[in-house]
Protein chains: 2
Amino acid sequence: MLKQESAIKLENQLCFAVYACSREMTRLYRPILSKYNLTYPQYLVLIVLWEKGECTVKDLGEDLYLDSGTLTPLLKRMQEAGLVVRTRSQLDERQVIIGLTEQGKEMQHKLSEIPSMIASRCDLQESEFHSLLNKFQDLLKRTSE
Amino acid sequence: MLKQESAIKLENQLCFAVYACSREMTRLYRPILSKYNLTYPQYLVLIVLWEKGECTVKDLGEDLYLDSGTLTPLLKRMQEAGLVVRTRSQLDERQVIIGLTEQGKEMQHKLSEIPSMIASRCDLQESEFHSLLNKFQDLLKRTSE
DNA sequence: ACAAATTAAATTTTACACAATTAAATTTTA
DNA sequence: TAAAATTTAATTGTGTAAAATTTAATTTGT
């Protein structure tokens, strides 16, 4: 392991870099997403739903590492905006199924320009992309057990 | 640049990984910091102040990538907890100088065990640490111009 | 079958995070 | 040097985050 003092600096720098990176990333998305009245977490919900069709609040929470205290009000706002529908499951009435409206589905190709806009903004090549993604996914695995 | 479809997936995965990583990181700190009644951003404020002695709200904001809307209430809470003092500069009364109390200074060695606890929790070796840090700092530079 | 345990979502509370606005003080410039 | 521009914090409003509690429904063990 590292010596005590250099460990303190390095470790703080690493955790801070991740923290600041995350906020800079969402700051990058904000002006683009605000044209569609979306926030970054709401955009992530759409991405999951485009992939899965529909799922429960719990499923969404597991995919996005978010709990119901965050998701419930967020999903209600998305319902008010006409993007999703929230219906209680017939089979298990504790579950709330989140599905896309037509408008929510249409967003998929309206928003298809976004990834390339962000990628060019970061000036990342394919190889760097993969390398970064591996690093982050590895760290994510380590930190979330 | 990447083909449109694979770009969408990759890019979403990268941004999502950054976002989830950041929350998992602070989740790692939370149980440790809560023993000292600190949050992760408050801990970062202490780290900056231990290094700098004292500085303005603006300085803190530049170091931490946070604005006054976040820092003002956060610093007021830290003042109430007896960790910092907020005094308006005599030279330029627009500026508020943030300094450490004795209690705030004492926290430095009380909290010195934290970095190694986190490092071992992530199971990172020194070389990995440096590699990760480089990647993230590079990405941070790209995204924040 | 039915009480106990578990599960799922909602609610409540506290604390960031940030855009936009406001207010006050300092600098610049005509 | 006085008006205009800039700078610095504070305030306001909206939207996450997440722990803790509550409520309701399902599952399990006897």
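All values below come from the heavy atoms of this structure, side chains included, with hydrogens, waters and symmetry mates left out. We name chains A, B, ... by the order of the sequence lines, and we start the count at 1 in each one.
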query: Looking at B/Y29, does the NZ or CZ of B/R27 lie under 6.0 angstrom from its six-membered ring centre and within 45 degrees of the ring axis?
result: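 Checked: cation-pi criterion not met.
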message: Within the 3.5 Å criterion, strictly below it, is a donor on A/S131 or A/N134 matched to an acceptor on the partner's side chain?
response: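 Note: A/S131 and A/N134 side chains miss the donor-acceptor criterion.
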To the nearest Å, give me how far apart [atom1] ([X]) and [atom2] ([N]) are.
| X | N | atom1 | atom2 | value |
| --- | --- | --- | --- | --- |
| B/N37 | D/dA19 | CG | P | 16 Å |
| A/Y29 | D/dG15 | OH | C1' | 19 Å |
| B/I98 | D/dA9 | CD1 | P | 8 Å |

field: Nucleotide paired to C/dA20 in any strand shown, Watson-Crick or G-U, under 3.5 Å
entry: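 Pairing partner, where one exists within any strand: D/dT11.
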message: Using Watson-Crick or G-U wobble geometry with both distances under 3.5 Å, which nucleotide pairs with C/dA30?
response: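 Pair assignment: C/dA30 / D/dT1.
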query: Can you name the closest pair of heavy atoms from A/A17 and B/L133 and give their distance?
result: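 Where A/A17 meets B/L133 most closely, the heavy atoms are CB-CD1, 4.3 Å.
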message: I'd like to know if A/K58 and A/E62 make a salt bridge, using a cut-off of under 4.0 Å between side-chain N and carboxylate O.
response: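 A salt bridge is present here (some side-chain N lies under 4.0 Å from a carboxylate O).
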- request: Check every strand shown and say whether B/L64 touches a base, only sugar-phosphate, or nothing at a heavy-atom separation below 4.0 Å.
  value: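 No contact at all - B/L64 keeps every heavy atom at 4.0 Å or more from the nucleic acid.
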Check: A/S89 side chain, A/V96 main-chain N or O, donor-acceptor pair, under 3.5 Å: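 Side chain of A/S89 to backbone of A/V96, a donor-acceptor pair under 3.5 Å: no, none is there.
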task: First locate atom CD1 of A/I97, then atom CD of A/Q90, and finally report the distance between them rounded to the nearest 0.5 Å.
output: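 It is 9.5 Å, given to the nearest 0.5 Å.
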- line: Each nucleotide of nucleotides 8-17 of chain C classed B (base within 4.0 Å of a protein heavy atom), S (only sugar-phosphate) or -, in 5' to 3' order, makes SSBB---SSB
